[in-house]
S.K.: 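Please read through the structure below; I'll follow up with questions.
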2 protein chains.
Amino acid sequence: MSTSRPQTRIQKKNKAAILEAALSVFSRHGFRGATLDQIANEAGLSKPNLLYYFPSKVSMHQTLLSNLLHRWLDPLIAIDPEGEPVEEVLAYVLRKLEMARLFPRESRLFANEIVQGAPNFMDQIEGELKVLVDEKAALFTSWMETGSLAKSDPYHLIFSIWATTQHYADYDAQVRIILRPQEDTHFADAAIYLETLFRRMLTPVPGLK
Amino acid sequence: MSTSRPQTRIQKKNKAAILEAALSVFSRHGFRGATLDQIANEAGLSKPNLLYYFPSKVSMHQTLLSNLLHRWLDPLIAIDPEGEPVEEVLAYVLRKLEMARLFPRESRLFANEIVQGAPNFMDQIEGELKVLVDEKAALFTSWMETGSLAKSDPYHLIFSIWATTQHYADYDAQVRIILRPQEDTHFADAAIYLETLFRRMLTPVPGLK
DNA sequence: GATAAGTTTGACCAAATGGTCAGAACCACG
DNA sequence: CGTGGTTCTGACCATTTGGTCAAACTTATC
């Protein structure tokens with residue numbers, strides 16, 4: 001209910017610059033490993049100036065995490081219960097891969113948080129995320145029962161989609177070294193591979209009941 | 001060539017306790033996020049005592065990483081060029097999943113290091129790991145050419161195996177929350193799911209040339 | 001059980017880190 | 001332009017952190 005003032009031009013610009021820098025630093029070094037000096041440097045501001053816009057280091061981190069949640073859930077929400085099942089799931093895979101390509105820092109921020117036991121993200125995982133996953137798992141199960149999707153464990157199916165796509169963001173350093181010659185095409189190659197992988201998994205085999 | 005003295009009883013015990021504690025702390029908080037006080041606490045030793053056994057914080061980290069490399073590569077080495085292709089790769093998948101179950105801290109240590117751009121692991125990834133991956137990728141390709149393994153990109157195949165299996169160690173916190181009711185059986189369920197996923201991917205379809 | 005080697009610790013240090021604050025500089029607007 | 005709010009900074013602070021060291025305490029060996 002607080003009558004919050006509208007942001008000034010400078011506030012908008014600097015808050016954005018700080019969050020941008022904080023995302024880079026937190027996603028590489030984790031919360032504890034990141035320092036305000038690094039963030040200030042990268043944002044082109046002084047350390048006390050950071051703390052003029054955000055009351056503390058944790059508040060920057062929390063802001064980033066809650067901004068992240070919606071972007072992270074959107075591709076899952078977009079699965080259409082009225083669509084063609086195999087194509088809907090494959091489209092989800094490709095959307096997730098696209099996220100890994102376009103927002104690798106966000107993916108790593110998330111990875112860092114989970115690896116550390118999700119100390120600041122538990123609530124959201126237990127809440128919105130779990131509800132949504134349960135809902136989509138139920139949708140997958142109903143598709144499997146009508147025979148329009150091959151039967152398998154819907155939760156582990158979702159995990160395998162997350163794992164394979166996020167791998168290209170989180171393990172970027174490893175992927176680049178191993179694929180050195182084809183560095184520039186590796187996302188396109190991954191898309192082809194993953195579409196095959198999941199199409200074979202999901203396409204119902206007519207002979208089986 | 002240095003004539004290194006044999007370790008005393010106490011040295012053996014305390015070095016092991018320190019590495020054990022360091023593994024726990026580094027794997028949760030990353031290198032920068034871990035503190036010597038935490039490690040000392042967990043090991044039941046004083047901070048100066050840690051530094052009697054290891055000259056610095058980085059030396060503990062490096063020791064853990066190089067101990068890790070061999071355990072990490074072994075399952076890949078064990079793929080037998082003389083074996084039945086589909087079964088060999090599936091056995092590799094299950095071995096990797098077993099590693100995620102038995103050594104989750106090691107997996108997270110590795111994940112932390114790669115997420116941060118592998119500052120202390122580059123050499124080994126560029127060296128031994130890349131050579132071994134190239135070798136096994138070539139083996140997969142030869143199997144694909146003789147028709148005993150379905151055709152696909154061997155590098156992305158390997159990535160997808162790593163990603164899906166390590167997910168259960170690295171994203172443990174998330175997995176446990178989403179699967180709460182079946183927490184205790186989730187590795188067994190994952191084994192069934194992943195075997196199906198990769199069997200469908202790898203089994204050659206007779207009708208296709 | 002003396003003695004030399006191995007082990008442990010409290011006290012300490014310099015650097016780094018998150019954060020504060022008074023005041024200076026800047027900007028929008030009448 | 002001047003004035004009131006906004007933005008920025010240098011100097012500062014308390015705490016944490018990796019690391020040192022001399023001295024004390026154990027342990028093994030003869």
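Chain identifiers are assigned alphabetically (A, B, ...) following the order of the sequence lines, protein sequences preceding nucleic acid strands; residue numbering begins at 1 within each chain. Small disclaimer: the values here were computed from a predicted structure and weren't measured.
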S.K.: Record whether the side chain of K57(B) comes under 3.5 Å of the base of dG19(D) through a donor-acceptor pair of N or O atoms.
M.R.: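 For K57(B), whose side chain was compared with the base of dG19(D), there is no donor-acceptor pair (under 3.5 Å).
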S.K.: Expressed as a whole number of angstroms, how long is the span from D37(A):CG to dG18(C):C1'?
M.R.: 9 Å
S.K.: Can you see if the side chain of N14(A) gets near the phosphate of dC8(D) - specifically, an N or O under 4.0 Å from OP1 or OP2?
M.R.: yes
S.K.: Rounding to an integer number of Å, can you tell me how far K47(A) NZ sits from dA16(C) P?
M.R.: 11 Å
S.K.: Rounded to whole angstrom units, what separation is found between the CZ atom of R32(B) and the P atom of dA15(C)?
M.R.: 17 Å
S.K.: Which nucleotide sits closest to the side chain of I10(A): dG6(C), dG18(C), dC8(D)?
M.R.: dC8(D)
S.K.: Within this structure, what is the CD1-to-P distance between I18(A) and dT7(D), rounded to whole angstrom?
M.R.: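 About 11 Å, once rounded to whole Å.
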S.K.: What distance do F121(A) atom CZ and H61(A) atom NE2 have between them, rounded to the nearest 0.5 Å?
M.R.: 9.5 Å
S.K.: Using whole Å, report how far CG of L50(A) lies from P of dG10(D).
M.R.: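 L50(A) atom CG is separated from dG10(D) atom P by 14 Å.
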S.K.: Ignoring backbone atoms, test whether S46(B) places a side-chain nitrogen or oxygen under 4.0 Å from the OP1 or OP2 oxygen of dT8(C).
M.R.: no
S.K.: Between T8(A) and dT7(D), is there a contact of a side-chain N or O with OP1 or OP2 at under 4.0 Å?
M.R.: yes
S.K.: Figure out the CG/P separation between L45(A) and dT6(D), and round it to whole Å.
M.R.: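 Nearest whole value for this atom pair: 19 Å.
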S.K.: Begin with the C-alpha distance, continue with both residues' side-chain angles, and end with the deciding distance and a verdict on side-chain hydrogen bond (donor to acceptor under 3.5 Å, both in side chains) for Y168(B) and H156(A).
M.R.: CA-CA 10 Å; Y168(B) 292 98; H156(A) 291 278; 2.6 Å; yes
S.K.: Counting any heavy atom closer than 4.0 Å, what does Y53(B) reach on the DNA or RNA strands: base, sugar-phosphate only, or nothing?
M.R.: sugar-phosphate
S.K.: At 4.0 Å (heavy atoms only), tell me whether L51(A) reaches a base, stays on the sugar-phosphate, or touches nothing.
M.R.: base
S.K.: Output the rounded distance in Å from CG (N49(A)) to P (dG18(C)).
M.R.: 16 Å
S.K.: Scan Q38(B), R105(B), H29(B) and name whichever one has a side chain to side chain donor-acceptor pair (under 3.5 Å) with S24(B).
M.R.: R105(B)
S.K.: Between dT17(C) atom C1' and F31(A) atom CZ, what is the distance in whole Å?
M.R.: 12 Å
S.K.: Is the cationic atom of K151(B) (NZ for Lys, CZ for Arg) positioned less than 6.0 Å from the six-membered ring centroid of W143(B) and within 45 degrees of its normal?
M.R.: no
S.K.: Base, sugar-phosphate, or nothing: which does A40(A) touch, judged by heavy atoms less than 4.0 Å apart?
M.R.: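 The answer is nothing, as A40(A) stays clear of every strand by at least 4.0 Å.
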S.K.: Can you find a side chain N or O atom of Y52(A) that sits less than 4.0 Å from OP1 or OP2 on dT7(D)?
M.R.: yes
